[in-house]
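Since we're looking at a predicted model, the values are computed, not measured. Start at 1 and go down the list; that is how both ligands and their atoms are numbered. The basis for the numbers below is simple: all heavy atoms, side chains too, and nothing from hydrogens, waters or symmetry mates.
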Amino acid sequence: MQRRDLLRTLALTTAGLTVLPAFAKQNFMRDIAGPGYTRGDFGNDFLWGVATAAYQIEGAWNVDGKGPSIWDTFSHTKGKIKTKETGDMACDFYHTYKSDIDLIKEMNMDVFRFSIAWSRVLPNGTGEKNQKGIDFYHNVIDYCLQVGVQPWITLYHWDLPQALQDKGGWPNRNTYTAFCEYANMVTKEYGSKVKNWMVLNEPLAYTALGHMIGMHAPGKKSVGKFLRAAHHTALSQAEGGRIIRANVPDANVGTTFSCSDIDPLKEKPKHQRAAARVDALLNRFFIEPVLGMGYPVDTIPGFKGIKKHFEPGDEEKLKFDFDFIGIQNYTRELVKASIFPPVMWAWQIPADKKPVENIEITDMNWEVYPEGIYNVLKKFAAYPGIKKIIVTENGAAFTDTLVDGRVHDEKRTKFYQDYLAQVLRAKKDGVNVTGYYCWTLMDNFEWAEGTRPRFGLVYTDFTTQKRIIKDSGLWFKDFLRK
Ligand code: GCO
């Protein structure tokens with residue numbers, strides 16, 4: 001061990017970070033077979049990164065002037081979070097952002113994707129700014145640039161200001177107006193430093209889970225509220241793109257979608273029709289309006305009521321020519337015709353109930369199905385008007401255990417290797433996929449699941465807030481070394 005390494009290791013260990021010198025790597029990074037490809041196979045301009053979300057990592061929920069979000073309210077409501085936790089502390093990223101960004105650099109990642117907590121910069125959702133909140137994101141951006149990591153910002157990752165929810169939330173068209181005010185403010189504030197922007201994170205997830213199923217904030221269970229929230233979200237999706245492009249002319253403007261690979265349980269018409277309805281909701285509902293195709297309500301007639309919420313000119317307002325779309329795929333769905341739930345008449349079979357031989361299941365009860373990301377990349381690339389695709393999220397939650405201060409998460413490393421092989425397969429087929437961002441940097445607050453599911457490349461000790469790069473993170477460090 002060089003004197004420099006000794007001092008550095010001592011310093012970092014003292015600081016609570018455990019770093020092992022290179023020679024020790026072989027001892028704990030158990031031989032993981034090479035994936036059969038190299039970083040170079042993806043192209044020198046292919047970007048590698050990690051993705052996060054404000055509510056899941058920041059903590060400091062009521063610090064320095066931040067207003068409450070619907071996720072603060074939701075996690076403070078008894079019975080909403082399975083582990084009875086809140087995101088009040090999460091990973092305390094608000095205070096540890098520098099050392100966390102150092103870990104991104106340590107893993108040789110190019111990109112840090114994070115979201116802005118709307119109520120940290122506009123505590124009431126509109127109107128008066130919170131300068132301390134604005135300054136926090138300047139500090140994050142500046143440190144990223146200082147260490148050579150690209151900041152990629154998601155404008156909205158589910159944490160609506162509670163003040164707007166109190167006025168009706170996304171089902172109220174005024175929230176669309178408020179979103180435009182927020183998007184305008186932050187892109188003007190940070191646009192000189194940040195050139196890569198995403199408008200929304202997974203609109204289907206937060207509109208459906210939050211307004212129809214009630215599993216996520218704000219916990220509503222109403223098809224009508226879902227349809228209104230969906231339409232105002234879709235308007236915000238496109239208008240957000242226009243606002244970014246107007247305020248940051250040299251920006252790379254995108255938005256992200258949750259994308260499911262969907263198979264019918266059997267190749268029978270009733271199951272195929274059920275799978276088509278699920279595909280229309282999970283995959284088509286937000287991308288097709290952007291492309292001028294309108295909502296896929298011919299496939300789901302029960303959602304035709306969304307048209308009632310149009311105002312003159314909305315058809316046109318829904319469209320925008322994004323520079324890229326973010327694909328976020330984790331698993332595949334196996335669907336069968338069902339009398340429940342109404343409107344969909346389709347049942348997504350939980351992974352632990354799927355009639356699949358040798359199925360591998362993550363801690364989210366999701367089937368590991370690498371070919372699914374190939375299939376969704378091909379599916380979304382086939383839409384006319386899609387210029388570029390980035391995998392803005394992909395990863396897996398497996399149970400992690402500390403052994404001698406390390407996390408030998410072979411399953412997660414193999415997950416990444418197998419999914420990346422499918423991304424490369426799609427790229428070789430001609431899909432213009434130009435980046436891949438792991439979900440996620442570090443174990444964090446997994447919404448209604450609390451901190452139980454660990455998705456991180458970095459282990460988070462939620463008691464001490466120490467971080468330990470898992471073997472999967474060390475694998476990326478080696479794989480990405482230029
Ligand atoms: C999502 C969200 C992330 C989740 C991740 C794992 O895609 O659902 O963007 O916030 O934490 O996907 O569920």
Side-chain angles (χ1 to χ4, degrees), residues 49-59 69-71 74-75 81-83 85 87 90-91 93 111-118 152-160 198-210 213 215-217 233 237 254-261 281-283 285-287 325-333 348 350-351 361-369 372-373 376 380 390-400 412 415-416 419 436-458 460 462 472:
V50 290
T52 62
Y55 187 75
Q56 295 182 269
I57 64 169
E58 288 183 0
S69 77
I70 57 174
W71 270 95
F74 195 72
S75 70
I81 309 301
K82 286 182 185 171
T83 57
E85 294 171 284
C91 304
F93 177 79
V111 166
F112 176 36
R113 177 188 169 215
F114 61 95
S115 72
I116 289 177
W118 183 343
W152 285 50
I153 290 181
T154 310
L155 285 176
Y156 186 73
H157 203 130
W158 305 1
D159 46 357
L160 186 74
M198 289 144 285
V199 181
L200 302 177
N201 181 78
E202 297 198 359
L204 186 278
Y206 76 81
T207 53
L209 295 176
I213 297 171
M215 199 178 96
H216 278 193
T233 283
Q237 177 175 256
T255 197
T256 80
F257 300 95
S258 51
C259 309
S260 299
D261 185 34
L281 179 63
L282 297 191
N283 289 325
F285 210 82
F286 287 94
I287 184 134
I325 62 168
I327 295 292
Q328 303 187 173
N329 168 265
Y330 291 84
T331 183
R332 66 128 177 201
E333 301 302 333
Q348 294 166 235
I361 295 174
T362 75
D363 279 8
M364 292 293 282
N365 196 21
W366 295 346
E367 179 185 4
V368 175
Y369 193 76
I373 203 166
V376 296
F380 280 77
I390 293 173
V391 176
T392 40
E393 280 183 28
N394 176 240
F398 291 112
T399 305
D400 290 326
R412 187 174 290 105
F415 177 98
Y416 277 116
Y419 271 76
Y436 178 91
Y437 306 158
C438 304
W439 183 271
T440 183
L441 165 59
M442 58 191 156
D443 303 331
N444 59 46
F445 188 84
E446 179 54 32
W447 308 112
E449 302 286 334
T451 62
R452 180 191 60 81
R454 291 179 173 271
F455 279 89
L457 294 176
V458 174
T460 304
F462 290 100
S472 56

Note to self: Consider ring pair (Phe, Tyr, Trp, His ring centres under 6.0 Å). Of Trp366, Phe415, Trp439, which one does Tyr330 pass it with?
What the structure shows: Trp366
Next item on the list: Determine, considering heavy atoms only, which of Phe455, Trp158, Tyr330, Phe445 sits nearest to atom 5 (C) of ligand 1.
Entry: Tyr330
Item checked: Residue among Phe93, Trp152, Tyr437 satisfying ring pair (Phe, Tyr, Trp, His ring centres under 6.0 Å) with Phe112 -> Phe93
Check: Which residue supplies the protein heavy atom nearest to atom 7 (O) of ligand 1, what is that atom called, and how far is it?
Finding: Glu202 OE2, 2.4 Å
Notebook entry, point to check: side-chain contact (heavy atoms from CB on, under 4.5 Å) with Thr256: which of Glu393, Arg113, His157?
Noted result: Arg113
Check: Parallel under 30°, tilted from 30 to 60°, perpendicular over 60°: which one fits the rings of Tyr156 and Trp118?
Finding: perpendicular
Note to self: Only heavy atoms of Trp366, strictly under 4.0 Å: list the atoms of ligand 1 that pass.
What the structure shows: 13 (O)
Next item on the list: Please work out whether the ring planes of Trp158 and Tyr206 are parallel, tilted or perpendicular, with thresholds of 30° and 60°.
Entry: tilted
Check: To the nearest 0.1 Å, how far is atom 9 (O) of ligand 1 from its closest protein heavy atom, and which atom is that?
Finding: Glu393 OE2, 2.5 Å
Notebook entry, point to check: Atoms of ligand 1 less than 4.0 Å from Asn201 heavy atoms?
Noted result: 2 (C), 9 (O)
Next item on the list: Pull out every atom of ligand 1 sitting under 4.0 Å from any heavy atom of Gln56, numbered as shown with elements.
Entry: 3 (C), 10 (O), 11 (O)
Checklist line | Atoms in ligand 1 flagged as close to His157, the criterion being non-hydrogen separation under 4.0 Å | finding: 2 (C), 3 (C), 9 (O), 10 (O)
Notebook entry, point to check: Does even one non-hydrogen atom of Phe257 get within less than 4.0 Å of ligand 1?
Noted result: no
